Amino acid sequence: MSNYIDIKPEVIQALQNNRPVVALESTIISHGMPYPKNLETALQVEAVVRAESAVPATIALINGKIKVGLNREEIEFLAKKGREVIKTSRRDIPYVLLHKLTGATTVAATMIAAESAGIKIFATGGIGGVHRGATETFDISADLQELAQTNVAVVCAGIKSILDLGLTLEYLETMGVPVLGYKTDELPAFYTRKSGFKVDYKMENPQEIADLLKIKWATGLDGGVVIANPVPKVYALDEQIMNKAIEQALAEQQKAGIKGKESTPFLLAKVKELTSGQSLVSNIELVLNNARLAARIARFLIK
Ligand code: PSU
Ligand code: MN
């Protein structure tokens with residue numbers, strides 16, 4: 001791995017000096033949001049992590065290396081190139097490295113990079129999951145298998161209702177992945193705070209979460225943890241409007257015959273269009289909120 005990983009000096013120093021570090025993904029930059037909001041958000045997320053006294057490490061594949069910690073030009077490049085950048089999950093990593101292509105890392109690929117760099121916590125918007133209709137299509141995100149095996153905790157705003165929440169929870173249970181709710185019993189559904197599904201455990205503060213992570217890994221229980229942090233109340237979207245937009249996006253996906261790795265970016269863009277940009281505002285705010293919580297947990301992880 002060491003030949004293919006390039007960790008930013010600031011991140012190496014933080015890790016060596018036992019300072020808190022938070023990993024950040026880049027698919028959300030290239031495929032999850034439009035330019036220039038994606039750039040502004042990526043920079044803001046890093047600023048939020050710094051404001052909480054942690055070091056941000058945004059991850060991407062550039063010029064034959066897995067880069068852990070990007071500079072401003074690199075983030076700008078990913079934001080401007082958008083969908084020209086290869087959405088890179090576990091299976092895509094070797095090809096992207098071989099041909100020195102530019103790859104934006106999904107949750108799965110970001111976890112792989114974070115683990116090899118020694119970063120234990122990572123913040124994003126939403127994780128991939130079991131898609132609606134997966135009993136026919138078999139469309140299950142590689143993020144779930146990664147959570148089953150890689151020792152990195154992921155702070156997200158729950159599971160987006162473009163997915164089948166019930167099946168995603170069943171899958172995570174089978175794979176032994178704890179789903180924790182931050183100050184909530186209920187699994188948040190990304191744009192909304194409610195979903196009708198329960199998390200496994202409600203957690204009261206960052207220290208309790210950090211202590212649980214330490215115990216999990218100290219007892220040899222490999223794999224990740226989902227930390228579900230509800231979108232702040234003022235930025236939550238109306239459930240009915242959201243569900244309608246999602247239904248319509250799913251119908252359009254089927255009509256257009258969109259499959260595989262294109263599904264998630266297609267659905268995200270459609271939902272944004274159908275809510276006239278409202279979903280983007282809430283998306284940005286929930287990511288910032290997750291970065292803040294991740295940094296706070298990171299501070300207790302080093303103690
Ligand atoms: N969910 C979102 N925004 C995103 C993603 C998921 O709300 O940007 C991205 C993440 O990078 C996630 C990926 O890892 O989509 C999942 O894609 P797939 O379903 O193809 O595995
Ligand atoms: Mn998929």
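Both ligands and their constituent atoms are indexed starting at 1 by order of listing. Please read these numbers as outputs of a predicted model, since none were measured by experiment.
A donor and an acceptor atom, one from each side chain of Gln145 and Tyr171, are located under 3.5 Å apart. Side-chain atoms of Glu25 and Thr105 form no donor-acceptor pair, as typed in the model, at a separation below 3.5 Å.
With rounding to the nearest 0.5 angstrom, the CD atom of Glu74 is 8.0 Å from the NZ atom of Lys8. From Glu252, atom CD reaches atom NZ of Lys270 across 4.5 Å, with rounding to the nearest 0.5 Å. Going from atom CG of Asp185 over to atom CG of Leu187 covers 11.5 Å, rounded to the nearest 0.5 Å. The distance from atom CG of Leu280 to atom OH of Tyr191, rounded to the nearest 0.5 Å, is 8.0 Å. Atom CG of Leu78 is separated from atom OG of Ser30 by 4.5 Å, given to the nearest 0.5 angstrom.
Neither the backbone nor the side chain of His31 comes within contact range of ligand 1; no heavy atom lies under 4.0 Å. Contacts between Val107 and ligand 1 below 4.0 angstrom, taking non-hydrogen atoms only, involve backbone and side chain alike. Here Asp143 has side-chain heavy atoms under 4.0 Å from ligand 1, and that is the only part of it that gets that close.
Counting heavy atoms from C-beta outward, Val179 and Ile227 have side chains that stay 4.5 Å or more apart. Between Ile284 and Met33 the shortest side-chain heavy-atom distance falls below 4.5 Å.
Considering backbone and side-chain atoms together, Lys261 places no N or O closer than 3.5 Å to any N or O of ligand 1. Between Ser141 and ligand 1, at least one pair of N/O atoms sits closer than 3.5 Å. The N/O atoms of Thr105, backbone and side chain alike, include none that comes under 3.5 Å of an N/O atom in ligand 1.
In this structure, atom 7 (O) of ligand 1 lies nearest to the protein heavy atom Lys160 NZ, 2.3 Å. Shortest contact from atom 1 (N) of ligand 1 to any protein heavy atom: Gly126 O, 3.4 Å. The shortest contact between atom 19 (O) of ligand 1 and any protein heavy atom is with Thr264 OG1, 2.8 Å. Nearest protein heavy-atom contact of atom 11 (O) of ligand 1 is Glu25 OE1, 2.7 Å. Residue, atom and distance of the protein heavy atom nearest to atom 9 (C) of ligand 1 are Thr27 CG2, 4.0 Å.
A continuous path of ILVMFWY side-chain contacts below 4.5 Å connects Leu169 to Val177, so both sit in one hydrophobic cluster.
Summarising the geometry of Gly32 relative to Leu268, their closest heavy-atom pair is CA-CD1, 4.1 Å, with the distance given to 0.1 Å.
Among Leu268, Ile28, Asn283, the residue whose heavy atom sits closest to atom 4 (C) of ligand 1 is Leu268.
Within the structure, ring pair (Phe, Tyr, Trp, His ring centres under 6.0 Å) contacts touching residues 93-131 (residues at least two apart or in different chains) are Tyr95-His99.
Under the side chain to side chain contact (heavy atoms under 4.5 Å, CB included) rule, Cys156 has a single partner from Asp143, Ile127, Leu286, which is Ile127.
Protein atoms of type N/O/S that fall under 2.8 Å from the Mn ion (ligand 2) number 1 in this view.
Within the structure, ligand 1 lacks Met33 among the residues with a heavy atom less than 4.0 angstrom away.
Atoms of ligand 1 lying under 4.0 Å from at least one heavy atom of His131, given by number and element, are 19 (O). Of all atoms in ligand 1, listed by their number and element, those nearer than 4.0 Å to a heavy atom of Lys87 are 17 (O), 18 (P), 20 (O).
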